[in-house]
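Every heavy atom of this structure was used, including side-chain atoms; hydrogens, water molecules and symmetry mates were not. Labels below follow one simple rule: chain letters A, B, ... track the order of the sequence lines, proteins then strands, and each chain is numbered from 1.
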Amino acid sequence: ASWDMPTPYGDSVFHTQNIQTFAEDVASATDGEVEITVHSAGSLFAHPEIKDSVRRGLAPIGEVLMSRLANEDPVFAIDSIPFLASSYEEAQALWEASRPVVEERLAEQGLTLLFAVPWPGQSLYTQAEVAQASDLEGASFRAYNAATERLAQLMGAVPTQIETGDIPTAFATGRVDAMITSPSTGVSSQAWDFTSHYTDTQAWLPKNMVIVNTQAFEGLPEEQRTAIMDAAAEAETRGWEMSREETESGIATLEENGMAINEPSEALSQEMAEIGETMTEEWLEEAGEAGQEIVDTYQGAE
Amino acid sequence: MEIATLAPLLVVVLFGALALGLWVGFALIAVGMVAMFAAASAPPSLVFATKVWGSMTVWDLTALPMFIWMGEILVRSRLSSDMFSGLAPFTARLPGRLLHVNVMGCALFAAVSGSSAATTATIGRMSLPELKSRGYDERMAIGTLAGSGTFGFLIPPSIILIVYGAATEQSIARLFLAGVVPGFMLAALFGGYIMLWSLTHRDRTPPPEPPVDRSETLRAAARLLPVIGLIVAVIGSIYLGLASPTEAAVIGVAGALILAAATGALSRAGALDSLKAATITTCMIAFILAGASFLTVAMGYTGIPRELARLIGEMGLSPYALLAMLTVFFIVMGMFLDGISIVVLTVSIILPMVTAAGIDPIWFGIFLVLVVEMSQITPPVGFNLFVIQTITGRDIFWVARAALPFFGLLVLAVALLSLFPGLALWLPGTMLSR
Amino acid sequence: MRRFLDRLYDTALWLSAITFGLIAVLVLLQILGRLADRIARLMSLPPPGLTIPSLAEFGGFLFAGAVFLGLAGTLQAGGHVRVKLVTRSLPDGAARWLGVFVALAAAALAGFATWSSGLQMADSLRFGAVSYGVVPIPLAIPQGAMTLGLALMCVALLDAAATAARGGTPAHDAAEARTGGPD
Ligand code: NA
Ligand code: NA
C-alpha cells in the first residue's frame with residue numbers, strides 16, 4: 001500500500017522527524033510493501049482538516065494534536081489540564097491511565113491510535129519576571145482555546161487571542177504580555193526576539209497522536225499490521241526520549257540567547273497547584289464517570 | 001500515470017479551458033480533477049470540499065474584503081482624486097510624474113496589507129482611472145501597478161513570509177525585518193525605470209500640468225491630509241498595539257467612512273454600493289483561491305512539485321547555479337500555481353538542499369518572496385493580472401505584457417539579492433542581535 | 001421565473017455583503033474592547049477585558065459563508081475573471097454556442113462542487129463535528145452556507161446556458177460588455 005500522511009508541523013520539528021523514522025521503519029519492516037509519504041507542515045491538509053481527512057479516508061494516516069479534539073469529547077483534553085501532570089513521569093502515568101479511554105473514543109470514530117508523543121512542558125514567556133500570579137494581574141495573556149482562556153482568568157490575567165503568525169508583532173506592540181508554550185516553540189519562533197523571561201512551569205505536556213483509518217488499516221495483511229504496530233511502539237518510546245532531550249536543549253538555547261531562565265517560586269508553585277485542582281474539578285464535571293476513572297487510576301499510580 | 005506525461009497534459013488542459021473562456025476558478029478546478037483522477041488514491045468528491053473549506057476559513061483572509069472596501073469608499077468619495085491632485089505638484093519635477101504614485105502608493109499600502117491582491121486592488125481602483133483621465137500611457141500605468149502591487153508580499157507584514165516562517169520554523173520577526181531593505185530597493189528600481197522610460201518616451205507622456213505657485217502647492221498639500229491621516233491611523237493602530245495587521249484593515253474602512261461622511265462626499269447609496277463592489281471583487285478573488293487550493297492538493301497527491309524539486313536537488317549544483325535553477329523552477333511553477341501554494345508544496349524539499357548549499361534560510365525566505373512576486377504577474381494564473389482585468393477590462397495576457405518590464409526588474413532584484421545577501425540580512429542582524 | 005431568479009441571486013449577494021459588513025463590526029468591537037483595556041490600565045483600573053470569543057475562528061466561518069453566498073451574484077455582475085481572446089475572434093453564432101458549452105461545463109463543475117460540499121456537510125452532521133476554539137460551533141452550519149452558495153452558482157450557470165441557447169444574452173455577458181474592456 002502507498003499511504004499519504006498529512007502532518008501539521010515542519011520538518012525541523014522533532015515530531016516530524018520521529019514520524020519520518022517511523023515511515024522508514026515501516027517500509028523496511030514490510031519490504032517496501034507499505035510506503036508512507038509524509039506531507040509535513042500542512043502541505044497536503046492543514047491541521048484543522050487532518051482528523052476528518054483520516055476519518056473520511058482522504059488520507060489513511062495522519063498526525064494531530066490530541067487536545068484539538070477537546071470540543072468533541074472532553075477526554076481528549078486530559079493532557080491539557082494545567083498542573084495535573086507537569087513532568088515527564090507524571091505525563092507518562094497520566095497517558096497510561098487515559099490511553100484505553102482515548103483509544104475507545106477514537107475507535108467509535110473508525111480511527112485506530114498508533115502512538116502519541118508529548119511536546120515539552122508548557123512554560124511561561126514574559127517580558128518581566130513572574131514571582132507570583134499577581135505579577136500577571138491585568139496583563140494580556142495569550143489564550144488559544146477554552147483551557148488556556150480559563151487558565152488566564154484564574155491567574156488574574158486578561159485572555160487575549162493571538163494567531164501563531166501574529167505573536168512577534170503582538171508582543172512587540174504590546175497587544176500581549178505573556179504566553180504559555182513549550183521550549184521547542186519558544187526556540188523555533190525565536191522567542192528571545194520579543195520576550196526576556198522564561199519561567200519553567202511545565203504546566204502540562206500536550207501530545208501529538210498518530211492515527212490511522214481503521215478500515216484502511218484492517219485492509220492490510222496481518223503481518224503488515226503487526227509490523228506497523230511494532231514500529232509505532234518503537235516510535236512512541238523514541239518520541240518520548242526525543243521530547244525529553246528537546247526540553248533540555250530548548251531551554252539551553254533560550255538561555256544562550258539571553259533569556260532569563262527561572263524556576264517557579266514557592267509562592268507561584270503553590271498558586272499553580274491550586275489552579276490545577278480547580279481546573280481538574282471543572283474538567284471532571286464535563287468528563288463525568290470516564291474522566292473520574294482516569295484521574296483515580298492516575299492518582300492511584302502516583 | 002507517469003509524471004512526464006501527466007505534467008504536460010495538465011498544462012494543456014489548463015490552457016485549453018482558459019482559451020475556451022471558462023472562468024479561471026473553474027479552469028483550476030478542472031485541472032485539479034484531471035490530476036486527481038490520474039494520480040490520487042482519494043476520491044475528488046471528498047477532497048474538494050475538505051480542502052476548499054479549509055482554505056476559505058482563514059482569519060487572515062478577512063483583511064482582503066476590508067482593504068478592498070476601503071478603496072471603494074475612497075474612490076466614491078473623491079478622496080482619491082483629491083489625493084492625486086494633491087500629489088501632482090510634488091511629482092511635477094520627476095520624469096514620469098504621477099506614474100510614481102503607483103509605486104509609492106503600493107509601497108506605502110504594502111506596509112499595512114499582507115497581500116498583493118489587496119494592494120493591487122486598492123491602489124489600482126484609485127490610481128488607474130485618475131491616470132487615464134490625465135492622459136497617461138495606459139500600458140505604462142497598468143504595468144507599474146501590476147509590478148508595484150507585488151510589494152504587498154515583500155514589505156512587512158506579508159502572508160507569504162508568515163507561511164514560510166511557519167513551515168520552516170524561522171522567526172517571522174526576522175523575516176519581516178529582512179524584507180524591508182529589498183522592498184525599498186525594488187521600489188527604487190521601479191521608480192528608476194519609470195524615469196528612464198519617460199525620458200525616452202516623451203511622446204507618450206501627457207503634457208505637464210500647469211505650473212503652480214507656492215500657495216497653490218500648500219492648498220494641494222492640504223488635500224492630501226485626509227488620506228495621509230487615514231494611512232497613519234491604520235499603521236498607527238498596529239504599532240500602538242490596538243489592532244493586529246488583519247484587524248487594522250477595519251480601521252481603514254471605519255476611517256474612510258468617517259472621512260467620507262464628514263466631507264459630505266458619500267451618500268448612503270454610495271456607501272452601500274461600495275460594499276457591494278467590494279463583495280464582488282472579494283468573491284472573484286476568493287473563488288480563484290478556492291480553485292487554486294483544490295489544484296494544490298491535487299498536485300500534492302500527484303507529487304509533481306516534489307519530483308521536480310528532487311530532480312534539481314540531484315543535480316549537485318553550486319550555490320549560484322542552484323539559485324539560478326530554482327529561479328527558473330519557481331517562474332515556471334508560478335505560471336500555473338499561486339504563490340502561497342508554491343511555497344507550501346515545495347519548501348520542505350527545497351529548504352534542506354538550500355541549507356546544505358550554505359544558504360541562510362532567512363535570506364532564502366526573501367528570495368522566495370521575490371520569485372513568488374513574479375508569479376503574481378505571469379499568465380495564465382497571476383492574481384495581480386486578475387485584479388487588474390477586473391478594474392480595466394483589459395485581458396490578463398495584455399496586462400501581463402504591460403507588466404513584462406517589471407517582471408524583468410524582479411529578476412534583476414533577485415540577481416542583486418544573490419550578489420549582495422546583506423541587503424536582506426543586515427537589518428535583522430543589527431536590530432535583533434543580542 | 002426570470003424575476004424570481006434575478007431576485008434570488010441579488011438577495012444572496014446582499015447577504016454576502018452584509019456578512020462582510022458584520023465581520024467589520026465585530027472586529028471594530030474587538031478593537032474598542034482593547035482600547036477600553038488600555039484606558040483602564042492608564043487609569044490604574046482593572047481592565048474590563050471585553051473580547052469577542054473565538055473571533056478568529058468565527059470570522060473565518062463568516063468569510064467563507066460570505067464568499068460562497070456571493071458567487072452567483074458575482075457571476076451575474078460579470079465579476080468572475082476569464083480570458084476572452086479566443087471567443088472574441090469567433091463569428092457570432094459559433095461564439096454563442098461556445099458560450100452555451102462553457103456555461104454548461106462550468107455548471108457541471110459547480111454541480112460537482114455542490115455535491116462535494118453537501119457530502120462534507122452531511123458528514124459533519126453525522127460526526128457532530130464542532131470547531132476547535134472557545135465556542136464550539138457545529139461545522140455543519142457554515143458548511144451549509146457553502147453548499148447553498150455553490151448550488152445557487154450552479155443554478156445561475158444553467159440559467160446562463162439556457163438564456164444563451166434561446167438566443168438571449170446572459171447577464172454575465174451583458175455585464176462584461178458594460179464594464180468596458182479593450183476598445
Ligand atoms: Na505587506
Ligand atoms: Na503566475
>> Minimum heavy-atom separation for A:Thr37 and B:Arg306, please, with both atom names.
In response: CG2-NH1, 3.9 Å

> Do any of residues 244-256 of chain A come closer than 4.5 Å to chain B, heavy atom to heavy atom, and if so which ones, in number order?
Replying inline: none

> If you tally heavy-atom pairs under 4.5 Å against chain A, which of B:Ser293, B:Ser41, B:Ala243, B:Ser55 wins?
Replying inline: B:Ala243

> Between A:Pro48, A:Pro168, A:Ser188, A:Ala191, which residue shows the highest count of heavy-atom pairs closer than 4.5 Å to chain B?
Replying inline: A:Ser188

> Between atom CZ of A:Arg175 and atom CG of B:Leu242, what is the distance when rounded to the nearest 0.5 Å?
Replying inline: 9.5 Å

> Which atom pair, heavy atoms only, marks the closest approach of A:Gly57 to B:Ala42?
Replying inline: O-CB, 4.5 Å

>> Just so I understand: if I count every heavy-atom pair under 4.5 Å between each of B:Ala40, B:Gly54, B:Gly165, B:Pro43 and chain A, which residue has the most?
In response: B:Gly54

>> Would the distance check show the side chain of B:Lys51 and the main-chain N or O of A:Leu44 forming a donor-acceptor pair, the cut-off being under 3.5 Å?
In response: yes

> Mind checking whether A:Asp11 and B:Leu351 have side chains closer than 4.5 Å, heavy atoms only?
Replying inline: no

> What heavy-atom pair brings A:Arg56 and B:Thr50 nearest, and what distance separates the two atoms?
Replying inline: NH1-OG1, 3.0 Å

> How far does CG of A:Asp166 sit from CD1 of B:Ile238, to the nearest 0.5 angstrom?
Replying inline: 9.5 Å

>> Run A:Thr169 and B:Ser244 through side chain to side chain contact (heavy atoms under 4.5 Å, CB included) and show every step you take.
In response: CA-CA 8 Å; A:Thr169 321; B:Ser244 72; over 6 Å; no

